Each structure stands twice: as C-alpha cells, then as structure tokens.
Amino acid sequence: MSQTTSTSRTTVRELPSRVRAMNDGKRRGEARSKAGWAALYAWQVERDSTTPIFRQVYLQMRAAILAQRLAPGAKLPSTRALAAELGVARASVISAYEQLLAEGYLTGRVGSGTYISSDLPEPVERRGPGRRKPATAAAPLSPQARAFADLSAFAVEDENRPFTNARVLIDSRTIETWRKLSQEMFRNFDPIHRGYADARGLIALRRAICDYLGAARGVRAAPEQILVTAGTQHAIDLATRVLLSPGDEVWVEDPGYPMTRRALAASGVTLRPVAVDAQGLNVRAGLRLAPKARAAFITPSHQYPLGIMLSMARRLELLAWARETGSFIIEDDYHSEYRYAGRPLAALQGLDEAERVIYVGTFNKVLFPGLRLGYVVVPPPLVQSFAGARFLLDRQPPTLTQGLVAEFMRQGYFAAHIRRMRLLYRDQRDLVVGELQRRLGARIAAAAPEQGMHLVAYLGDGFSDVALEKTLREHGVIVRALSRMYLKAPPRQGFLLGFTGFPRQVIAPAVARLARVVANAKA
Ligand SMILES: Cc1ncc(COP(=O)(O)O)c(C=O)c1O
C-alpha cells in the first residue's frame with residue numbers, strides 16, 4: 001500500500017528542523033509583508049489639530065513602521081485610496097509619502113506601488129509589536145486560572161516521533177478522495193455554508209453517523225438524537241455541563257483516561273476512582289465506594305489504557321445500577337473502528353432500555369486528529385438540553401468539514417478506509433510486538449491488543465516506567481508511562497506505545513533504541 005505521510009518523504013529526524021524553519025522569523029516576516037495589513041490599518045487624522053494633515057500622516061506611518069506594526073516589504077495603500085479613506089486631499093498624502101521615501105522609510109515610487117523599506121534608517125524598537133511592560137505587578141491568578149495554566153504544558157503539538165499515540169497514517173487513497181471531495185464542495189459552495197445551521201450538526205452527517213453506528217456498533221438511535229461535536233473531549237464537556245453539578249460524585253476508571261479526569265476535575269465534580277480487573281470496571285467496587293454517584297465515565301469496548309473489554313455480566317450490572325439510581329453512563333467508544341480479531345461486543349448504548357447511556361465517538365482517530373470532529377448520541381429527553389448547550393458554547397460545528405465527512409461516509413469511502421487501515425495497523429501492531437519480544441524477551445510483556453491504536457508493554461519488577469519514559473525521550477522514543485494513569489489502585493509499570501503513526505521502516509529502529517535503553521536500565 002502506498003503511504004503519503006510526512007514521514008514517508010522525510011525521515012523523522014529531519015522533521016523538527018523543518019518545523020523550525022517554518023517558524024523562522026524571516027518567513028514570518030515575508031508572510032506578514034504580503035498579507036495586506038497596511039490596507040486595513042486604522043489610519044486616522046484629526047482635522048481640528050494644529051498639526052498639518054500631511055505631517056499627521058507622515059508621523060503615523062513612521063511610528064507604525066518603527067514599532068513594527070507593519071512589516072518591511074509591506075505594500076502601502078495607494079495615495080488615492082488612502083486620501084479617499086481619510087477624506088483628505090490627495091496632495092497631503094503624496095507629501096507624506098514623498099518625505100518618507102526621501103528619508104528611506106519607504107521604497108518604490110509614488111504612483112507605482114510604495115513599500116516599507118527593508119533597510120530602515122533608524123533601529124526599530126527593541127520590543128516586539130504589541131508587547132508592553134505591565135504597569136504594575138501581575139495580579140495573582142484565580143485558582144481556576146492556575147489550574148488551567150497547569151494544563152498548558154500538555155496543550156502543545158504532540159511530538160512527531162514513535163511511539164506517540166496521537167498520530168495516524170493516512171494513505172494516499174484517502175488523501176486523494178479528500179482532495180476530490182473538497183474541490184467539489186468548494187465548487188458548489190452550498191448555501192448552507194453562508195448562514196448559521198442546526199447546532200446539532202448537518203442532518204446529512206447525522207444520518208450517515210446513525211447508519212454507521214447502527215450497523216457497526218449496534219447503537220439504537222434516530223439521527224435527531226445525534227449531535228456532531230469537535231471530538232471526545234468536547235462531548236465529555238457537554239455531558240458534564242448538562243448532567244452534573246459541582247460536588248456531584250462520578251465514577252472514573254482506575255487506571256483511566258487522563259483527559260476525561262482532567263475535564264471532570266476542572267468542572268468541580270468529585271472523582272471516585274473505581275478499580276478495573278480482568279472483566280473491566282468492577283461495578284461492585286463502585287457500588288461500595290459511591291452508590292449514589294451521578295454518572296460513570298467508562299471505555300467499555302477497549303478499556304483505556306489496559307485494552308480490556310467490559311464483560312457482558314458487568315455491562316448488565318452497570319446498566320442496572322444506572323436504571324435504579326437514575327445515574328448516567330458516559331460510554332467513550334474510542335478506537336472501536338479498529339478491531340483486528342475476536343468478536344466485538346456491541347455498544348452498551350444498544351442494551352440500554354432506560355435512556356441512561358450517553359454514547360461518545362470520534363472521527364479524530366479513525367480519520368486524523370487535526371479534523372476535530374466527533375459525535376455524541378443522547379437519549380431523546382436530553383436532546384434539547386445538549387443542543388442548547390452546544391448552541392450557547394460555540395453555536396454549531398463547522399459546516400464545510402461536516403459536509404466533507406458526510407460525503408466521505410455516504411459514498412462508501414469511510415468503510416473502505418477503515419478496512420484498509422485495519423490491515424495496515426494490524427501489521428504494524430504485530431511488528432512492534434514481535435520486535436519487542438525479539439529484543440527484550442522476558443524483560444517486557446507485550447501482547448497484541450485485539451482493538452485500538454496503542455498497545456501496553458508491561459515492565460518486569462523493579463523498573464520505573466516514569467524514569468524510563470524520560471530517558472527514552474532523550475533517545476528519540478516517546479512512550480507514556482502506564483503508572484501515571486492510576487489514581488488509587490496499585491500502579492503497574494509499563495509503557496503505552498502507539499503503533500499507528502509511523503511506517504514500518506521507522507518502527508523497527510525505534511524498538512531497537514527502546515530495547516537498548518531498557519536493557520541498560522537497572523531493574
Ligand atoms: C480514551 C480516549 N478517548 C477518546 C480519544 C479521542 O479524543 P478526541 O476525539 O478528543 O481527539 C482518545 C485519544 O487518544 C482516547 O485515548
């Protein structure tokens with residue numbers, strides 16, 4: 001299969017320098033000079049001032065240039081256009097431009113394009129544009145501002161190195177289809193894009209999601225119950241706002257998905273970590289710990305991070321608890337598209353007779369993370385509340401990307417994409433597991449998961465996964481320490497390794513580097 005990924009054309013080592021080049025100030029300057037900001041600049045004149053109009057224009061322009069509010073190379077508006085905009089005589093603007101030309105602030109000729117000089121006569125101000133020194137010491141941050149600031153370390157681009165689990169390989173067929181569908185979409189530019197649309201999302205996409213979920217996941221719902229979101233994280237936020245109040249108790253899996261926990265903690269609810277065993281979430285442990293919890297946030301089809309499928313007995317216990325207490329189950333069915341072996345259990349939502357399950361899915365992994373599109377299926381009595389919350393928060397999902405994904409699904413490309421990627425990812429999963437076993441033997445226990453985009457490699461006794469995570473990063477290998485995913489339960493040591501972001505030729509050398517680091521570590 002041909003792969004058109006950034007890594008197939010450049011080596012992974014080359015990427016950081018390429019990214020640096022893109023952020024390079026020179027290129028940024030070029031982009032700014034072409035962007036046409038001078039035509040939008042808020043030029044002003046005061047008619048009552050004793051300063052002549054030509055001088056006001058001159059001083060303003062010089063100040064804008066020296067403060068770098070306009071970049072060298074930027075094209076200035078024509079004297080005619082600027083005079084008309086300011087409502088002044090053209091001769092005044094011409095005089096101002098001529099003086100700036102004479103002093104070397106501008107280049108070109110009045111009448112045939114005038115530009116800000118790249119070789120300015122006096123040094124530009126040291127401070128970057130728009131940055132000012134605070135007049136007083138910074139006011140202390142509120143507790144919530146501090147808590148959000150603490151998260152900012154995670155809110156950066158993920159590292160583009162194996163085995164981050166935040167990357168996917170999209171093959172050339174999917175990219176070509178995407179290109180073709182986007183061209184059609186922009187050519188037609190449907191009137192729907194020119195106005196506001198349904199806060200729940202485009203009906204064409206909701207219908208396609210409904211058909212897919214009914215067939216592939218046994219979800220029972222009408223398109224009216226589906227809301228298009230920006231992904232799982234957005235759906236969790238919506239569910240929290242609609243269903244929970246600060247102080248409410250909620251069950252979370254232990255170990256579990258840190259992003260769900262962070263979102264819940266930020267909303268002020270009380271987390272009750274419930275242990276996970278070989279059958280998945282231990283419902284009885286949850287009942288002992290917090291029988292009246294308002295909600296349970298779980299990953300039943302592929303427990304995050306351990307990959308366990310919640311047994312049927314546990315599913316029925318969980319649904320019975322929710323029915324009896326009126327609590328909600330938020331089912332995060334992430335990665336369920338990528339099932340490689342074994343019989344999947346249908347979604348919990350399909351077994352729910354009491355309208356307790358909120359089903360959450362995402363396109364950000366099955367397609368690509370930059371898409372930011374997902375969905376939530378809600379019981380009929382909650383549809384209006386979710387739609388109102390979505391409307392208030394950011395009105396609606398973007399219509400263009402929704403239209404694209406709807407067509408991608410409707411024309412059968414989505415199903416074909418999943419079938420192709422399943423084969424590729426299964427192959428890559430087997431390669432990672434095989435290489436780990438070959439190189440590390442008993443030092444590590446890695447089994448091939450039946451579903452998903454990451455695997456767990458358990459370390460033998462005496463290793464510290466957090467310490468190794470740091471050392472491996474220094475060797476260009478990204479792993480997530482398993483022990484970080486635990487709250488109260490005794491943590492196991494191991495790594496989470498994503499196997500969907502990098503082609504085979506990158507995987508084998510990366511496992512070799514990982515193996516060297518682990519082999520040299522003291523157990
Ligand atoms: C448990 C879990 N749910 C959902 C997602 C996807 O999240 P999103 O749709 O917000 O990108 C991930 C991504 O890694 C995940 O691990």
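In listed order, ligands and their atoms are each counted from 1. Here the structure is a predicted model, which is why all the values come from computation and not from measurement.
- Arg484 pairs by the side chain to side chain donor-acceptor pair (under 3.5 Å) definition with Glu469, not counting sequence neighbours.
- Protein residues lining ligand 1, listed by chain and number: Gly231, Thr232, Gln233, Tyr257, Tyr304, Asp332, Tyr334, Thr362, Asn364, Lys365, Arg372 [non-hydrogen atoms, distance under 4.0 Å].
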Between side-chain atoms of residues 286-300 and protein atoms elsewhere (two or more places apart, or another chain), which donor-acceptor pairs fall under 3.5 Å?
unit_1	atom_1	unit_2	atom_2	d
Thr299	OG1	Glu253	OE1	2.8
Thr299	OG1	Glu253	OE2	3.2
Thr299	OG1	Tyr304	N	2.9

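- Ring geometry for Phe368 versus Trp178: interplanar angle over 60°, hence perpendicular rather than tilted (30 to 60°).
- Side-chain contact between Val357 and Leu319: present, with at least one pair of heavy atoms (C-beta onward) separated by less than 4.5 Å.
- The aromatic rings of His454 and Tyr334 sit parallel to each other, their planes meeting at less than 30°, with 60° as the upper class boundary.
- Residues that satisfy the ring-ring contact (aromatic ring centres under 6.0 Å, His included) test with Phe186, not counting sequence neighbours, are absent from this structure.
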